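Worksheet: the structure to be examined is printed underneath.
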Amino acid sequence: MVDYRERKELFFSNLNGTNLYEVGSVMINTCATYFLCQILKSFISLSNIKKFSINNFLFENFLIIIPLIFICTILSSLSYLFHFILWLIGFLIYFTKTNSTIKSIQINNNKSYSYIIELFRGQILISTCISILAVDFFIYPRRYAKTENYGYSIMDLGVGLFAIAHGTVSSEVRNKEINFKELFLENLILFLLGLIRFISIKYFSYIEHISEYGIHWNFFLTLCFMKLIGHCLLKITKNILLLIILILIFHEFILLKYFQYDNYLILSNNLRKNFLDANREGIFSLGGYVCLYLIGISLGKFIINNEYKQKFQQIGITCFILMIILCTISYNPSRKLCNLSYISSTTGLACMCLGCFSIIQWLLLRKGYLTESILIKNVNQKSLDTFLLANVLTGIVNLNINTIDTSKFISLFIIIIYMFIVTIYSYFSPSLIKLIMKNLK
């Protein structure tokens, strides 16, 4: 057991990631799978394929979930090519066949809701759920796992995209007034989940990489304080751009550079003498995550305002220009520091996905195709439940299976079954967390 524990810790240590282009080529598959799914849905004569049903669930699982699992595991070497194949099939059908099954064009008349954000957030969550279990198996490329200090990887940038996705559906984006009690309950649930995760890890002696967030800290706590700080700052001023600039200056140039906290966070030989030292990675990266959260709010406002006016091309062009600029200036990103380069590359990838989904919406609406994916919609609406279930199932698998020595076939089988369970819950079950919050209110 000691030998396995040491091997597992080494399995996650000293990783350097990949390049930004490969991360982008993997993430673009979230857009390509959705596009192909919606195109094929119109030409399949299977009963209830377009409605909430078991047939729709299986169909969308096959075309959205399975390809994303494959591209993160056995087909990872084809990541540069795979999305081109999906786009090619989708566009061949789109331009050569006439859609005669759907006559009415769906228009979003809700000024506080966005189908583009729904797709972005849902697909980011699906990709996150796949990765948090798959990373424990040898079948998941080590270059996709979280880097030790600096570099690009699927899981590194996925964490940042998750933070941005939280911002895109905040109460500020939806122009919804939130009282102190609601704010307290939202963050209390995240705090309790973080506390439960910490206790569970210590109780079960769960193998963890301490330099990721620290000894007591975890991503649930980062989400909790990120949202709380972001909301409090917006009470001071509604100028989001000003807040983003000020936080970036403080976090990057004052905290990390002037006071040299980058060395303090990176050097592994620093002793963890007190609570601050013990959790330095999680605490001192908060400024960067708050910045990503505020960027998500800004992007969310821009998307909703333009989507309501049906300006899909404008959204797409703006997002692609931002993607090019932000990815170009990214040179040495660090998730651990949540530095300027990490923020710029993560925001650039978010813009790429949002731009793609906006152009896809425009293409589908032009020919009267269905734009709604019921699976993605349900995952998005039950995001915290889905993420929590994925974490629980990941823990169960790791406590009972020697993941690093499992064969490729068994590994793939476990990941597919795991995602099947996660999506069954998201698709068919009510949100337990929303029910709890409703009763508490």
Side-chain angles (χ1 to χ4, degrees), residues 15-39 63-92 94 116 119-132 134-135 139-147 150-162 164-165 316-317 319-333 335 341-360 363 376 412 415 419:
L15 302 176
N16 298 312
T18 179
N19 57 69
L20 187 56
Y21 181 71
E22 183 173 16
V23 176
S25 70
V26 172
M27 293 309 301
I28 201 72
N29 282 285
T30 61
C31 305
T33 52
Y34 162 74
F35 180 61
L36 183 59
C37 178
Q38 297 307 112
I39 294 292
L63 283 172
I64 293 174
I65 307 297
I66 300 299
L68 293 178
I69 292 174
F70 275 52
I71 202 62
C72 287
T73 53
I74 57 173
L75 296 181
S76 60
S77 59
L78 301 175
S79 62
Y80 298 103
L81 180 65
F82 193 75
H83 65 94
F84 283 114
I85 296 170
L86 294 177
W87 288 121
L88 181 63
I89 296 169
F91 279 116
L92 279 174
Y94 181 83
I116 295 169
L119 294 167
F120 168 70
R121 192 162 176 261
Q123 287 286 59
I124 291 300
L125 185 57
I126 287 168
S127 303
T128 301
C129 290
I130 292 170
S131 292
I132 60 175
V135 71
I139 196 173
Y140 190 86
R142 292 299 88 197
R143 66 184 185 278
Y144 288 1
K146 287 177 181 175
T147 56
Y150 294 96
Y152 302 100
S153 78
I154 300 297
M155 293 201 72
D156 280 329
L157 294 168
V159 170
L161 288 170
F162 201 86
I164 290 176
I317 292 168
C319 285
F320 289 137
I321 291 171
L322 284 171
M323 174 200 72
I324 293 167
I325 295 169
L326 291 166
C327 290
T328 301
I329 65 172
S330 175
Y331 62 95
N332 198 23
R335 173 196 47 79
S341 293
Y342 177 78
I343 291 167
S344 66
S345 56
T346 305
T347 307
L349 283 184
C351 288
M352 177 193 73
C353 293
L354 288 166
C356 272
F357 281 127
S358 64
I359 297 299
I360 290 170
L363 290 170
I376 294 175
L412 187 63
I415 296 165
M419 280 307 297

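Just the heavy atoms: all of them, side chains too, but no hydrogens, waters or symmetry mates, feed the values below. This is a predicted model, so every value here is computed, not measured. All residue numbers in this chain count up from 1 along the given sequence.
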Practice task
With sequence neighbours excluded, tell me which residues meet ring pair (Phe, Tyr, Trp, His ring centres under 6.0 Å) with Tyr152.
Solution key: none
Completion exercise
Taken in chain and number order and not counting sequence neighbours, the residues that satisfy side-chain contact (heavy atoms from CB on, under 4.5 Å) with Ile325 are Ile321
Please examine the side chains of [Y] and [X], heavy atoms only from C-beta on, and report whether any two atoms are closer than 4.5 Å.
X	Y	result
Thr347	Met323	no
Ile132	Met155	yes
Gln38	Ile360	no
Tyr342	Leu157	yes
Cys327	Met352	no
Ile139	Ile415	yes
Phe70	Asn29	no

Which heavy atom of [X] sits nearest a heavy atom of [Y], and at what distance?
X	Y	value
Ile164	Ala350	CD1-CB, 4.0 Å
Thr30	Ser127	CG2-OG, 3.4 Å
Pro67	Leu63	CG-O, 3.4 Å
Val26	Ser79	CG2-CB, 3.8 Å

Under 3.5 Å, side chain of [X] to main-chain N/O of [Y], donor-acceptor pair present?
X	Y	result
Tyr94	Leu363	yes
Ser330	Ser341	yes
Ser153	Ala145	yes
Ser358	Gly355	yes

To the closest 0.5 Å, what do you measure between [atom1] ([X]) and [atom2] ([Y])?
X	Y	atom1	atom2	value
Leu125	Ile130	CG	CD1	10.0 Å
Arg121	Ile124	CZ	CD1	11.0 Å
Ile65	Cys37	CD1	SG	10.0 Å
Cys129	Ile69	SG	CD1	10.5 Å
Ile64	Ile376	CD1	CD1	4.0 Å
Ser25	Phe84	OG	CZ	8.5 Å

Problem - Tyr140 side chain to Ser131 side chain, donor-acceptor N/O pair below 3.5 angstrom - result: yes
Problem - Worked verdict on Val159 versus Lys146 for side chain to side chain contact (heavy atoms under 4.5 Å, CB included) - result: CA-CA 10 Å; Val159 170; Lys146 287 177 181 175; 3.8 Å; yes
Problem - Test side chain to side chain contact (heavy atoms under 4.5 Å, CB included) applied to Gln123 and Ile126, step by step - result: CA-CA 5 Å; Gln123 287 286 59; Ile126 287 168; 3.4 Å; yes
Exercise for the section: Check the pair Leu68 / Met419 against side chain to side chain contact (heavy atoms under 4.5 Å, CB included), numbers first and verdict last. Expected result: CA-CA 11 Å; Leu68 293 178; Met419 280 307 297; over 6 Å; no
Handout entry: Check against side chain to side chain contact (heavy atoms under 4.5 Å, CB included), Arg143 and Ile154
Key = CA-CA 8 Å; Arg143 66 184 185 278; Ile154 300 297; over 6 Å; no
Problem - Contacts of Arg335 that satisfy side chain to side chain donor-acceptor pair (under 3.5 Å) - sequence neighbours left out - result: Asp156
